[in-house]
There are 2 protein chains.
Amino acid sequence: MRGKVGPATMREVAERAGVALTTVSRAFSNPDKLSPDTLRRIADASAELQYTVNLSARSLRKRSSGMLLVLLPDIGNPFFSLVLKGIEEGAREGGRVLLIGDTGSDATLADAYAGQLDAGTVDGMILIDGRVPFPHGSPARARLMRAPVVALSEHVDDPSIPFVGIDNRAAGRDVAHLLADLGHRRLGHIAGPAANGLTTLREQGFAEGARERGCDLLGTATGDWSIGSGQAAAADILSWPHRPTAIFAANDEMAIGAVHALAAAGVSVPGELSVVGFDDIDFAAVGSPALTTIRQPRFAMGRAAVEAVTARIEGRTTAEPARILPFERVMRASTGPLGSGQTAAGRG
Amino acid sequence: MRGKVGPATMREVAERAGVALTTVSRAFSNPDKLSPDTLRRIADASAELQYTVNLSARSLRKRSSGMLLVLLPDIGNPFFSLVLKGIEEGAREGGRVLLIGDTGSDATLADAYAGQLDAGTVDGMILIDGRVPFPHGSPARARLMRAPVVALSEHVDDPSIPFVGIDNRAAGRDVAHLLADLGHRRLGHIAGPAANGLTTLREQGFAEGARERGCDLLGTATGDWSIGSGQAAAADILSWPHRPTAIFAANDEMAIGAVHALAAAGVSVPGELSVVGFDDIDFAAVGSPALTTIRQPRFAMGRAAVEAVTARIEGRTTAEPARILPFERVMRASTGPLGSGQTAAGRG
DNA sequence: TTGTACGCGTTATCAC
DNA sequence: GTGATAACGCGTACAA
């Protein structure tokens, strides 16, 4: 008895159930069209044979895989966690599954992922790292553009790709206003990496908001979104000739790093310096002090993104070039009114 | 001109290059066997046609997909981020790609994932949520077991599955010893969810270590790994008739939540209460106070896990039932010697 | 309602 | 070194 190795095939199920192979196929895709009796026999047969459809064969035939590719710059960034949950849930409801590519913001790597998934291996694509794989104008890029693609959180440089996210510029302005309302006039900024779209928008918005309220933006330190870079940036700011009374870090991790570095340097927050973050990750609420920040609707963003790709996959033309979701101020203990405690005593 | 829609096929490349279909196939898998000249012509032809191999067809034929399935309970848990990076890197080096399933610790969901990926759609599987899909003894489970599977971080109930991770029991003991060495005698524990393997091992180890050093384990509060549950657990502990002088939380998030709740209740850490966490996630280092914790080699764990599945996939029989990696004490400011500051003054 | 016949794009086998 | 041919497992006209 040589026996076969792999799992059972439709053909075997058909033989066992005493029907044609076609009928079995239909039993899995169009059960309504079959008589209850044959349906039952097929169900029994597949159960006995532990049959599962071969997805490779199915996607080869249908030219679609039931998979969504998600490209993100850093799976370790806690900002993405809830976003991914949203995407995941939406994908599952649509009967699709998630392929996740961590590009590390490396264009070559992103290309490798996209390339491998080019030929119908993937039904759609969600770009969270602000970059479209392949250089602009290249044939590969052009080919990719024909697939359902949406940009999430960060805009990409191709206007034909729908965007899902918040208005980062408006959010940056809002932070400046928030700080101005507390009486602050000398502001500082901890920005993300220079080449990044989010960096630009949040920084521009912040500068704009500061101007509108007659505040001085004394300077900008550059980080890379990481906790460590926030610490370094804070140290930098403390060395400026004119020290700000409030700083805005372009994400929560850098803000948390900054707060830690400030505490280590004996600077009280918010007594001497107010700090605002961005994103409202879980850890923002339990720092000491808890972080004032801008909340992005992360889960909803994920859901909206799948919704958008799914619409394009299924041919429902959304015609919606962008889906802008609302952000939200979250006031906590890391900000305070100017002069509330300019001594080292701080305020708890 | 009706024109075809999909991407180019091997057949078309072959025609254009003036060679047989077979030769093109070889050009992609066994380039060494071809003359430099034909190789060149094929390369040119595929470039002009923007050819990419169809992965569905390839996996149908080769009965392998180049994909690894990773099942984890919560993609939002920062512990997994570095682990995933390790897996990702290893998979990529092996020319494979990652399929990630967030099960939310829901068995049904895990089954759905595993089921959909059953029939050769996936080359191997890494289980990080301590559960093997499908009930024990079921045919589906049996079939799954024939595929290359390894358990990461948490053991699963099937002894035939290789394990990669640290010795959680020993780590729990080590925490007790650490605390005892600081002079603490009255200990408390914040455990993970009851049904969890990691919970059990860390708790047993902690209790064991406490006994060995003659410490009293005054009680255990139960959390669910989340920050919020750590806060609740701390509140619970403060209501115990006999209050411990040191507590061990089974992960960093609960520890951070606990520290925050203690601070809110006016309890100084480590002045009145020392706190130890587990995992050494990034945020552990920048809390106030920074968290004493047990570091797991997360990246290395991920690498080791891919290495193990890859070995099984490629038939290299590892014969290694378990791969135990070393953990490490990380002493920071959330722990202090007993009585160092039993007043509210604390120690910064 | 059910069955027949063919093709999806690739790799493996064997011959030249 | 290269080429013809047969699967791989499934979906879908089309016919019955």
Side-chain angles (χ1 to χ4, degrees), chain A residues 4-43 45-46 49-66 95 116-123 143, chain B residues 4-43 45-46 49-67 95 116-123:
Chain A
K4 17 186 324 302
V5 283
T9 74
M10 272 194 179
R11 181 204 183 89
E12 292 164 339
V13 175
E15 283 172 5
R16 185 167 188 104
V19 298
L21 178 134
T22 317
T23 312
V24 179
S25 173
R26 263 195 280 265
F28 283 91
S29 44
N30 246 349
D32 318 330
K33 297 275 175 187
L34 295 188
S35 83
D37 181 50
T38 41
L39 212 51
R40 232 205 118 47
R41 300 221 311 278
I42 292 178
S46 8
L49 264 45
Q50 304 168 32
Y51 172 72
T52 345
V53 302
N54 181 316
L55 272 63
S56 302
R58 171 177 283 175
S59 28
L60 172 58
R61 188 59 237 233
K62 304 210 358 176
R63 294 159 165 285
S64 103
S65 61
Q116 194 177 24
L117 300 161
D118 199 348
T121 319
V122 120
D123 295 350
R143 196 158 17 114
Chain B
K4 21 188 317 306
V5 284
T9 73
M10 271 194 178
R11 183 202 182 89
E12 293 164 339
V13 174
E15 283 172 5
R16 182 165 190 105
V19 298
L21 168 68
T22 316
T23 311
V24 179
S25 174
R26 262 195 282 264
F28 284 89
S29 47
N30 247 346
D32 317 331
K33 297 275 175 187
L34 295 187
S35 84
D37 182 48
T38 42
L39 212 50
R40 231 203 119 45
R41 299 222 310 279
I42 292 178
S46 18
L49 266 45
Q50 304 168 33
Y51 172 73
T52 345
V53 301
N54 182 317
L55 271 63
S56 301
R58 172 177 285 174
S59 24
L60 172 59
R61 187 59 235 234
K62 299 194 29 165
R63 293 160 166 285
S64 100
S65 62
M67 293 195 211
Q116 193 176 26
L117 299 160
D118 199 347
T121 318
V122 121
D123 295 350

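Numbers restart at 1 for each chain; the letters A, B, ... are given by sequence-line order, proteins then strands.
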*asked:* Any non-hydrogen side-chain atom of Val24(B) less than 4.5 Å from a side-chain atom of Val19(B)?
replied: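 Yes, at least one pair of side-chain atoms sits under 4.5 Å.
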Take atom [atom1] of [X] and atom [atom2] of [N], then tell me their distance rounded to the nearest Å.
X        : N       : atom1 : atom2 : result
Phe28(A) : dT12(D) : CZ    : P     : 15 Å
Arg11(B) : dT11(C) : CZ    : P     : 16 Å
Met10(A) : dT4(C)  : CE    : P     : 16 Å
Glu15(A) : dG3(C)  : CD    : P     : 13 Å
Asn54(A) : dG9(C)  : CG    : C1'   : 14 Å
Leu21(B) : dG9(C)  : CG    : C1'   : 8 Å
Ile42(A) : dC10(D) : CD1   : C1'   : 14 Å
Lys33(B) : dG3(D)  : NZ    : C1'   : 16 Å

Between [X] and [N], does any side-chain N or O lie under 4.0 Å from OP1 or OP2?
X        : N      : value
Thr23(A) : dG3(C) : yes
Thr38(B) : dT2(D) : yes
Arg58(B) : dG9(C) : no

Has the side chain of [X] got a donor or acceptor atom sitting under 3.5 Å from an opposite partner on the base of [N]?
X        : N       : result
Arg26(B) : dG3(D)  : yes
Arg61(B) : dT11(C) : yes
Thr22(A) : dT4(C)  : yes

_Is it the case that the side chain of Asn30(A) and the backbone of Lys33(A) share a donor-acceptor pair, with hydrogens and angles ignored and the cut-off at 3.5 Å?_
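Side chain of Asn30(A) to backbone of Lys33(A), a donor-acceptor pair under 3.5 Å: no, none is there.
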From [options], pick the nucleotide closest to the side chain of [X]?
X        : options                  : answer
Leu60(B) : dG9(C), dG3(C), dC10(D)  : dG9(C)
Ser35(A) : dG11(D), dT1(C), dT11(C) : dT1(C)
Ser25(A) : dT12(D), dT4(C), dT10(C) : dT12(D)

*Measuring from Ser56(A):OG to Arg61(B):CZ, what's the distance to the nearest 0.5 Å?*
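The distance works out to 13.0 Å.
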*asked:* Rounded to the nearest 0.5 Å, what separates atom CD1 in Ile42(A) from atom CE in Met10(A)?
replied: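 Rounded to the nearest 0.5 Å, the CD1-CE separation comes out at 9.0 Å.
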_At 4.0 Å (heavy atoms only), tell me whether Tyr51(A) reaches a base, stays on the sugar-phosphate, or touches nothing._
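Sugar-phosphate only.
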_Salt bridge Arg11(A)-Glu15(A), side-chain N to carboxylate O under 4.0 Å_ =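 A salt bridge links Arg11(A) with Glu15(A).
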_Residue met sooner reading DNA chain D from 5', once Ala57(B) and Asp32(B) are mapped to nucleotides_ =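 Result: Asp32(B).
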